[in-house]
> 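This is the structure I have questions about; it appears just below.
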Protein chains: 2
Amino acid sequence: MALCAFYAVWGFLLDVSVAFGPVPRMTWEHKEVQLIHFNESKVSNYSTLLLNEDKNVLYVGARDVIFALNAVNIAEKQNELHWKVTEDKRTKCAVKGKSEQTECRNYLRVLQQLNDTFLYVCGTNAFQPTCDYLNLISFELGGKNEDGKGRCPFDPAHSYTSVMVDEELYSGTPYNFLGSEPVISRHLHRSSLRTEYAIPWLNEPNFVFADVIRADPNSTDGEDDKIYFFFTEVSVEYEFVGKLLIPRIARVCKSDQGGLRILQKKWTSFLKARLICTIPDKNLIFNVINDVFILKSPTLKEPVIYGVFTPQLNDVGISAVCAYSLSAVEEVFSKGKYMQSATVEQFHIKWVQYNGEIPNPRPGACINNEARASNYMSSLNLPDKTLQFVKDHPLMDDSVTPMGDRPRLVKRDVKYTQIVVDRVRALNGTIYDVMFIGTDRGALHKAISYENGMHIIEETQLFPDFEPVQTLLLSSKTGRRYLFAASNSGVVQSPVSFCDKYTTCVDCVLARDPYCAWKPLEASCIDIFKESEMGRNWIQNIGGDASSCSDKVRENPLQHTFKHGSTAELKCSQKSNLAQVVWKFKDDVLRVESPKYRLLEKALLIFNLSEGDSGVYQCLSEEKVENKKFSQVLAKHVLELKKMQRTMVAPTTT
Amino acid sequence: MALCAFYAVWGFLLDVSVAFGPVPRMTWEHKEVQLIHFNESKVSNYSTLLLNEDKNVLYVGARDVIFALNAVNIAEKQNELHWKVTEDKRTKCAVKGKSEQTECRNYLRVLQQLNDTFLYVCGTNAFQPTCDYLNLISFELGGKNEDGKGRCPFDPAHSYTSVMVDEELYSGTPYNFLGSEPVISRHLHRSSLRTEYAIPWLNEPNFVFADVIRADPNSTDGEDDKIYFFFTEVSVEYEFVGKLLIPRIARVCKSDQGGLRILQKKWTSFLKARLICTIPDKNLIFNVINDVFILKSPTLKEPVIYGVFTPQLNDVGISAVCAYSLSAVEEVFSKGKYMQSATVEQFHIKWVQYNGEIPNPRPGACINNEARASNYMSSLNLPDKTLQFVKDHPLMDDSVTPMGDRPRLVKRDVKYTQIVVDRVRALNGTIYDVMFIGTDRGALHKAISYENGMHIIEETQLFPDFEPVQTLLLSSKTGRRYLFAASNSGVVQSPVSFCDKYTTCVDCVLARDPYCAWKPLEASCIDIFKESEMGRNWIQNIGGDASSCSDKVRENPLQHTFKHGSTAELKCSQKSNLAQVVWKFKDDVLRVESPKYRLLEKALLIFNLSEGDSGVYQCLSEEKVENKKFSQVLAKHVLELKKMQRTMVAPTTT
């Protein structure tokens with residue numbers, strides 16, 4: 001059975017490639033590639049990462065401790081700060097029925113850069129969430145011990161997300177001990193704002209991500225910066241057997257100050273909408289969002305929102321990545337219809353499209369030049385009608401649909417947990433969005449979309465213990481492109497590419513990796529972003545066309561001398577999961593199905609050798625890309641008969 | 001890669017057994033077991049089967065032809081009748097845009113036993129469905145050419161179901177050319193009755209099964225016989241992204257005569273309810289019903305309804321079997337709440353529980369003694385209030401939930417299409433419901449439920465071309481237990497068990513097949529229902545405890561003489577997918593992971609043989625049942641060194 005494990009996984013991947021998603025071309029086992037690890041004994045739950053690219057520091061929030069690591073080499077610890085729960089608090093926490101050993105600890109959940117000198121940090125602190133200011137010079141806490149309610153969860157099992165925008169902390173997390181009162185709130189300098197505690201606003205949400213999208217500086221409409229939140233919650237508008245979940249995008253305006261009478265100290269700009277990630281004709285509905293990455297780049301007309309999803313129903317292992325344009329999101333919030341609830345037959349609340357009159361200014365809209373022209377200078381000025389409407393109708397009827405109306409990638413037998421996206425200019429100038437996607441088994445998939453399909457360049461086992469990837473960060477600074485991944489057991493730093501693992505030009509090009517190109521002079525596959533300047537004769541083809549390669553055929557065959565009747569084992573292994581191994585004997589393809597031969601994973605067996613078996617055996621890797629087939633000789637073996645044994649008899653079986 | 005195919009399938013089955021459903025213990029390839037085939041050249045779509053157990057005839061309805069086969073040996077054709085479409089009709093059909101070669105043919109969809117002399121038969125007849133009476137003596141049609149509308153679909157692609165009850169045909173199928181008007185109707189002697197053409201009654205149904213359940217003859221309430229229909233339709237009560245399907249059970253009363261003013265010539269007793277087949281804690285929702293079998297037996301307190309289901313959403317290959325007690329069904333129809341529709345905000349129709357007053361007599365109830373006592377002697381007498389209510393509220397709010405509140409069987413990587421169930425008394429008197437389940441790949445699973453789990457005894461490849469099993473029939477007459485399966489390409493007759501395939505007592509008992517027992521005297525595994533009387537010393541244990549077996553260890557080892565340095569291939573194969581092969585050398589378990597050995601599917605390779613490898617090798621099959629492990633020696637090999645070669649050198653690799 002052990003023998004079969006490899007075949008099982010491998011064969012299965014081949015099977016499903018047709019049906020659901022591409023097979024990663026390369027599979028890097030944990031020890032096959034150079035990764036840098038950080039973990040300390042007795043420390044667990046490395047759940048929060050914060051990267052300071054200017055200072056090259058990676059801050060890591062774990063259980064009871066914060067680390068500062070060298071972001072160029074995370075094995076180098078620069079600082080550490082233990083932030084433990086007091087004995088007294090731990091005891092009180094245990095009295096409330098929580099585990100003293102595990103839950104009643106301080107799980108760091110918020111690590112945000114407040115300014116050059118301070119980080120704003122929060123931990124669960126034995127179910128009494130507490131925040132403080134971490135002085136980066138002394139690496140000590142200010143001792144403020146602010147109440148962390150609404151900024152940090154009570155329970156390490158609860159969901160959380162936060163983002164720091166202009167020294168204000170925006171967060172999504174439960175507001176109480178039980179986790180039953182979810183809240184999206186703003187804290188710190190200005191007066192705090194939060195969501196209403198009402199089912200239409202937030203209904204058992206699971207927060208996954210928050211980020212700011214700044215208003216276009218070139219725009220003349222005086223739009224506000226907006227903070228977007230992503231979460232999965234229980235749907236009010238849909239019904240099926242049991243509770244249905246639905247992925248949401250919600251947003252608030254940075255300048256929101258709440259209402260004067262209605263929605264006092266509450267968001268006046270909180271709106272939410274469905275995020276659709278489905279393939280209707282295959283009845284695939286991915287309605288659980290696990291993570292989001294917002295790609296912002298000067299080379300992009302507008303930010304692109306990438307989300308990783310899994311299904312709630314009948315999930316026997318399948319994931320999807322959907323991408324959304326910011327304009328599609330803005331269209332829904334600024335022009336879409338609202339939903340309204342209606343009571344049917346006294347007992348039943350049903351949500352339907354609202355078709356009545358919409359107050360002016362538009363409920364939930366940010367204060368922009370148009371509003372100011374009508375003398376609404378702040379949310380505090382907004383008329384009651386507008387505020388009452390947004391209070392009752394926070395949910396949009398229109399949905400945010402993905403670019404291309406379908407997922408970028410659908411992959412069976414994997415659960416994607418995290419995503420980051422890099423934007424890479426290939427040698428020929430074409431720009432590719434390279435997706436790095438973490439799985440619940442500690443692996444990382446690196447994928448690019450290519451014309452109508454997706455290509456998974458490689459799968460890398462980041463964590464040897466197969467722990468889920470809980471956090472993923474990308475450093476895309478020139479010359480310092482790294483990935484940082486955190487799991488319960490540690491942090492891993494990985495380069496964005498493993499070009500040097502490709503030893504031939506064909507292999508280097510077939511990788512279809514925009515980071516890699518073949519440098520004929522050095523006969524090596526190089527990371528183009530590590531070179532000082534681009535070479536003219538470098539070979540790269542993201543389409544996978546390796547015809548420009550002129551690899552030399554290996555000329556060092558292995559010599560074997562064998563005895564009559566014995567068995568030869570000729571070794572040959574190839575790494576690409578998309579390639580097929582073909583054996584040639586005297587330049588003819590061997591029919592390995594015959595009982596004379598047996599093809600194993602990394603070798604060919606030839607039984608009952610006789611004189612006719614002498615000669616040259618070649619092992620070729622054949623890989624098809626876009627209907628072109630590329631062959632490479634992987635190994636050459638020469639078999640020779642041992643002369644003196646020619647007269648001997650074969651082994652007999654009776 | 002070809003090499004891996006077996007490992008892939010096998011390994012995968014092992015993997016998922018833990019997560020989703022048991023692995024069939026035995027896999028019988030098509031040619032491994034004795035099956036009887038029937039098919040004629042140029043004939044296809046063997047879609048309709050009718051068994052006359054008294055006369056031992058199997059009637060087969062295919063495209064343009066009806067066959068009568070010997071039900072003891074279906075290879076023996078007794079009669080055939082060609083019933084083709086006239087040239088004129090075919091041309092007209094083609095003019096309407098249908099394919100002359102395929103769709104404009106006569107697909108036999110109804111074959112029902114009217115009485116001893118006649119079958120009632122219907123065919124699509126080039127989109128002009130036509131019925132007729134087949135005289136079983138002359139095997140000729142009466143030439144009545146009755147209009148088959150509502151009895152037989154127009155389009156061979158449309159769904160259909162029918163049952164003959166007391167010389168009345170009850171059927172469910174579309175009523176028009178486009179298939180857009182579905183109907184459940186009664187035809188033949190009495191005045192025809194049908195469903196309303198309205199979404200609340202039938203909403204794009206896919207009919208799968210119909211059967212009668214007779215009133216309990218011992219009951220004193222004067223209840224009517226009821227005809228049950230099973231179908232999947234588009235849900236009105238649920239909403240999600242896209243259309244949601246829902247499995248339904250509907251029923252009408254045999255004595256229904258329609259209403260006088262309201263529901264004239266329509267069912268007054270048509271009610272339908274949801275059939276639930278879900279595992280809520282795993283978010284598995286099987287909401288497409290593919291087939292039903294109603295198990296009726298004198299040994300059963302009440303009939304049991306077996307259904308096979310697949311999911312609509314995110315179906316990457318998973319099926320379930322759910323079983324329902326008749327009393328659960330009757331409870332819902334006779335006491336459950338109704339649903340009602342309500343219009344919300346003018347445009348939206350929402351279905352909710354009806355909580356108002358329910359008219360008397362209860363809407364949809366059959367005329368029973370209680371109704372008669374109130375002077376409602378027939379449905380024609382029913383008050384308008386009751387009729388109007390049932391017209392508006394055909395859908396129950398209560399659902400029919402499965403016995404045990406969960407599926408009997410959930411199986412991954414298979415699509416179940418058909419089911420029949422046999423009731424078998426094992427040697428010790430315990431009665432087992434043996435489920436025979438057809439798949440969309442031409443296979444048959446045979447399963448029993450055993451304490452808290454399911455055991456799939458075997459998987460048999462009925463059709464070599466992997467065509468879906470479209471119809472499955474069981475003949476359970478004493479001494480003539482057979483299965484008949486039909487696909488597009490032919491009909492197959494299979495015994496219900498393959499006891500003689502088990503050659504040892506341990507294997508026979510480990511099969512856990514209630515049909516099979518070990519007969520020590522003959523040292524053979526026998527079908528207990530084929531023997532004239534039960535033997536006292538027969539061995540059977542459906543729990544799989546084979547400790548009563550005393551198989552003799554095989555004493556004919558294979559002798560091999562080998563040369564120094566050569567490779568030995570020791571053969572050993574075992575059939576059980578639940579067993580593990582273990583090799584022993586000189587009574588010690590071999591560690592086959594060492595490079596010295598390689599374990600293949602059906603052999604062990606030993607490389608680079610030397611004197612130390614001489615000795616006895618045993619291949620054992622180890623199978624665990626209920627934490628007991630049973631071992632059997634499958635093969636014994638003796639390796640011996642060829643003396644004269646002792647001085648020779650091993651092959652060299654340079």
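Convention: sequence-line order gives letters A, B, ...; per-chain numbering from 1. Side chains are part of it too, since the values below use all heavy atoms of this structure and drop only hydrogens, waters and symmetry mates.
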> Does any heavy atom of chain B fall under 4.5 Å from the side chain of A:Leu639, the backbone, both, or neither of them?
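No part of A:Leu639 comes within 4.5 Å of chain B.
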
> Under 4.5 Å, counting heavy-atom pairs only, tell me which of A:Glu237, A:Lys243, A:Gln353 racks up the most with chain B.
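Most heavy-atom pairs under 4.5 Å with chain B: A:Gln353.
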
> Which residue pairs pass the side chain to side chain donor-acceptor pair (under 3.5 Å) test with at least one member in residues 340-351 of chain B, sequence neighbours excluded?
B:Glu239-B:Lys350

> What part of A:Leu244 gets closer than 4.5 Å to chain B, counting heavy atoms only: side chain, backbone, both or neither?
side chain

> Going by ring-ring contact (aromatic ring centres under 6.0 Å, His included), name the residues that satisfy it together with B:Tyr597, two or more places apart in sequence or in a different chain.
none

> Okay, side chain of A:Arg274, backbone of B:Val241: is any donor-acceptor separation there less than 3.5 Å?
no

> Nearest 0.5 angstrom please: B:Thr567 OG1 to A:Glu569 CD, how far?
8.0 Å

> Check each atom of A:Tyr354 against the heavy atoms of chain B and say whether the ones under 4.5 Å are side chain, backbone, both or neither.
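It is neither, since no heavy atom gets under 4.5 Å.
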
> Would you confirm whether A:Asn314, through its side chain, and B:Leu313, through its main-chain N or O, come within 3.5 Å as a donor-acceptor pair?
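Present.
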
> Do any N or O atoms from the side chain of A:Arg412 and from the backbone of B:Val316 form a donor-acceptor pair under 3.5 angstrom?
yes

> Determine the minimum heavy-atom distance between A:Tyr238 and B:Phe240, stating which atoms define it.
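Between these two residues, the closest heavy atoms are CD2-CA, 3.4 Å.
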
> Side chain from CB out, backbone as N, CA, C, O: work out which of these in A:Leu605 comes under 4.5 Å of a heavy atom of chain B, or both, or neither.
side chain

> For chain B, which candidate among A:Ile279, A:Val352, A:Thr278 shows the most heavy-atom pairs at distances under 4.5 Å?
A:Val352

> Tell me which of these, A:Ile285, A:Val344, A:Val592, has more heavy-atom pairs under 4.5 Å with chain B than the rest.
A:Ile285

> Would you mind checking which part of A:Leu609 comes under 4.5 Å of any heavy atom in chain B, side chain (CB onward), backbone (N, CA, C, O), both or neither?
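It is neither, since no heavy atom gets under 4.5 Å.
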
> Drop me the distance from B:Asn287's CG to A:Asn283's CG, to the nearest 0.5 angstrom.
8.5 Å

